[in-house]
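Let me begin by presenting the structure, written as structure tokens, before commenting on it.
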Amino acid sequence: MSPIPKKILCIGAGYVGGPTMAVIAAQCPQYKVTVVDINAARIKAWQTDDLPIYEPGLSDVVKKARDRNLFFSTDIEGNIKEADIIFVSVNTPTKTFGEGAGKSADLQYWEKTARDILKTSESDKIIVEKSTLPVRTAAALERILHPNDKGIHFDIVSNPEFLAEGTAINDLLNPDRVLIGSRESARGKKARQEIVDIYTNWVPRDRIVTSNIWSSELSKLVANAFLAQRISSINSISALCEQTEANITEVSYAIGRDSRIGARFLNASVGFGGSCFKKDILNLVYIAESYGLYEVAEYWEQVVKMNEYQERRFVRSMLKALFNTVAGKKIALFGFAFKANTGDTRESPAIFITRRLFEEKANIVISDPQALDNARMDLDDIVDRISFEADPYKAAEGAHAIAILTEWSDYKSLDYQRLYNSMHKPAFLFDGRNIIDRDNLFKIGFNVYSIGNPPRTHFEEP
Ligand code: UDX
Ligand code: ADP
């Protein structure tokens, strides 16, 4: 192997693999970066201007490097053979069957990838764990890859990705830290240094944190668990605010001004979604349980339970406000993505809320600037009985209620007087993200229910 590897391969062209490799290629013209995937349609889309994921700033980065030193391909075997460094960024969903179902990570895609690498390789390689994996996965990988009769050596490095969707490009270009873990042996440290060398092309050295491989694997799960815990903590307090006339935004601001607490991730919401938080916490819970640490497991599981409570509570408050029935009532859902600036809907609270309202026989219209295609797939069993309308004004025509589920900035600047005029009266607005001025909506005539605030209604609360 040459001292500075020139060929980087990424297996998995998803929300993590695609943007990460685009940034590496754009920042490091000296490397040839190839991204492969078993999903041929996805690869084809990466080769066009209509990228398979919506991410602000991504297309500029892709255009800068594509066909220069960034390539997308379905030739997995050929590219494994050529590569010096292989990032593995395949999906690791929660297991839905057998031992650990509902909690542990389903590593079948990972294991298949490891076996593909073993089968195809003809030279030494560094294998980088990019997907979030349970702590000690590297040990399992080593067992698959090490005892090979080809005399080939694989070094395993953990380099978890901390990008958040919607801000992925900035997160990749200006990360708080890059974490790179390896075995502490001379070989392990040398492999780790090769990955450090990639990032030092644009990340200041003091932001690159190196550690042992288990710390790196575990830190990714713990970072997500801590972030989600803040949201569940503030959401638990939002329920109390609604009863006590405290205002959650004021409480968040007041506590966030304490520099020991900090201001971020304190926005009460209809619940957190996304592909990582729930999955990673349940994974942490499963790992703790498997070591017999039941109190630890229970402590973290509560973060997920509080999130589910928040989703249920939102639907309950809608039902109660709408005179305990939504049957036959038109409800416009503003936002289906799990957060703003992405079309991703994985684990979006909107999925649960839509299904609950559907069970209650509401007449649902879903609006979202980017996520309608994914919404249709998430709801494929009931898709014919729900409407989808990109234009929020059309979605709200004749509706009894609007529920804001995603904090898209478009929804902050809508003409709410116009929306109100076109709606059925009394008109209700449920703000699941606290993005609209309650007093203003109330003045227009809406009955307003914002997370973490007492209702503002034109009639006595029952
Ligand atoms: C998260 C982590 O932030 C990232 O570091 C990791 O790599 C992957 O998981 P992501 O899921 O893309 O990223 O988005 P994030 O911004 O963390 O939001 C997750 C969910 O929490 C969203 O549904 C968001 O709306 C919600 N959220 C976030 C809140 O409800 N309140 C907040 O204050 C912040
Ligand atoms: P993430 O958000 O972690 O990037 P995604 O689901 O968006 O997750 O992306 C994972 C990608 O990995 C998918 O595009 C999937 O097709 C791909 N993938 C899964 N298994 C394999 C495999 N064995 N070889 C190549 N690609 C794979």
Side-chain angles (χ1 to χ4, degrees), residues 269-270 311 314-341 343 345 348-376 378-379 382-451 453 455-459:
S269 67
V270 60
E311 293 176 347
F314 189 77
V315 177
R316 247 188 250 138
S317 105
M318 288 182 78
L319 277 173
K320 188 171 161 226
L322 291 162
F323 315 106
N324 291 314
T325 176
V326 290
K329 291 182 182 166
K330 180 171 172 184
I331 313 251
L333 302 182
F334 281 13
F336 202 85
F338 80 96
K339 64 187 281 195
N341 299 319
T345 59
S348 177
I351 301 173
F352 171 82
I353 288 161
T354 305
R355 289 191 178 278
R356 275 292 295 117
L357 293 172
F358 181 79
E359 273 168 21
E360 296 288 343
K361 301 193 186 306
N363 170 11
I364 302 162
V365 185
I366 296 173
S367 194
D368 190 288
Q370 290 293 338
L372 291 187
D373 287 346
N374 281 331
R376 284 190 189 91
D378 294 328
L379 302 168
I382 53 173
V383 73
D384 300 338
R385 287 168 283 165
I386 287 183
S387 309
F388 298 85
E389 173 53 67
D391 179 347
Y393 294 104
K394 285 192 189 145
E397 264 170 31
H400 292 69
I402 294 171
I404 298 174
L405 303 185
T406 311
E407 72 283 19
W408 285 103
S409 62
D410 301 13
Y411 299 149
K412 294 179 197 167
S413 51
L414 292 173
D415 179 347
Y416 279 90
Q417 182 70 59
R418 178 178 159 198
L419 286 164
Y420 178 78
N421 293 346
S422 77
M423 286 173 68
H424 192 276
K425 307 295 175 324
F428 291 78
L429 194 137
F430 301 90
D431 185 354
R433 297 285 182 168
N434 276 336
I435 55 171
I436 310 293
D437 181 340
R438 292 186 321 131
D439 292 338
N440 192 27
L441 288 177
F442 178 74
K443 270 190 223 137
I444 289 173
F446 281 105
N447 298 294
V448 192
Y449 295 75
S450 305
I451 292 275
N453 288 281
R456 291 275 270 141
T457 59
H458 295 277
F459 47 80

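Fair warning: this is a prediction, and the values are worked out from it, not measured in the lab.
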Taking C-beta and beyond as the side chain, do Asp431 and Arg438 meet within less than 4.5 Å on heavy atoms? no

Within the structure provided, determine whether Phe334 and Asp410 are in side-chain contact (heavy-atom separation under 4.5 Å). no

Find out whether Leu322 and Phe430 are in side-chain contact, i.e. whether some heavy atom of one side chain is under 4.5 Å from a heavy atom of the other. yes

Look at the aromatic rings of Phe442 and His458 and report parallel, tilted or perpendicular, splitting at 30° and 60°. parallel

For the pair Val383 and Phe388, evaluate side-chain contact (heavy atoms from CB on, under 4.5 Å) and give the outcome as yes or no after the intermediate values. CA-CA 9 Å; Val383 73; Phe388 298 85; 3.7 Å; yes

Can you name the closest pair of heavy atoms from Met423 and Ile402 and give their distance? SD-CD1, 3.7 Å

What heavy-atom pair brings Leu379 and Ile386 nearest, and what distance separates the two atoms? CD1-CD1, 4.1 Å

Nearest heavy-atom neighbours spanning Ala371 and Thr345: CB-CG2, 3.6 Å

Parallel, tilted or perpendicular: which one describes the rings of His400 and His424, with boundaries at 30° and 60°? parallel

Could you check if a side-chain atom of Asn374 sits within less than 4.5 angstrom of a side-chain atom of Asp368, using non-hydrogen atoms only? no

Show your reasoning for whether side-chain contact (heavy atoms from CB on, under 4.5 Å) applies to Tyr416 and Asn440. CA-CA 9 Å; Tyr416 279 90; Asn440 192 27; over 6 Å; no

Got a second to check how far Lys412's NZ is from Ile436's CD1, nearest 0.5 Å? 8.5 Å

Which heavy atom in Leu419 sits nearest to a heavy atom in Ala396, and how many Å separate them? CD2-CB, 3.6 Å

Which heavy-atom pair separates Ala350 from Phe336 by the least distance, and what is that distance? CB-CD1, 3.5 Å

Hey, is Glu359 close enough to Arg355 for a salt bridge, meaning N to O under 4.0 Å? no

Looking only at heavy atoms, which two atoms of Leu405 and Arg433 are closest? And how far apart? O-NE, 2.8 Å

Using side-chain contact (heavy atoms from CB on, under 4.5 Å), reason through Leu441 and Arg456 one step at a time and then give a plain yes or no. CA-CA 9 Å; Leu441 288 177; Arg456 291 275 270 141; over 6 Å; no

Supply the atom-to-atom distance Ile353 CD1 to Ile366 CD1, rounded to the nearest 0.5 angstrom. 11.0 Å

Does Arg418 count as lying over the ring of Tyr393, i.e. NZ or CZ under 6.0 Å from the six-ring centre, within 45 degrees of the axis? yes

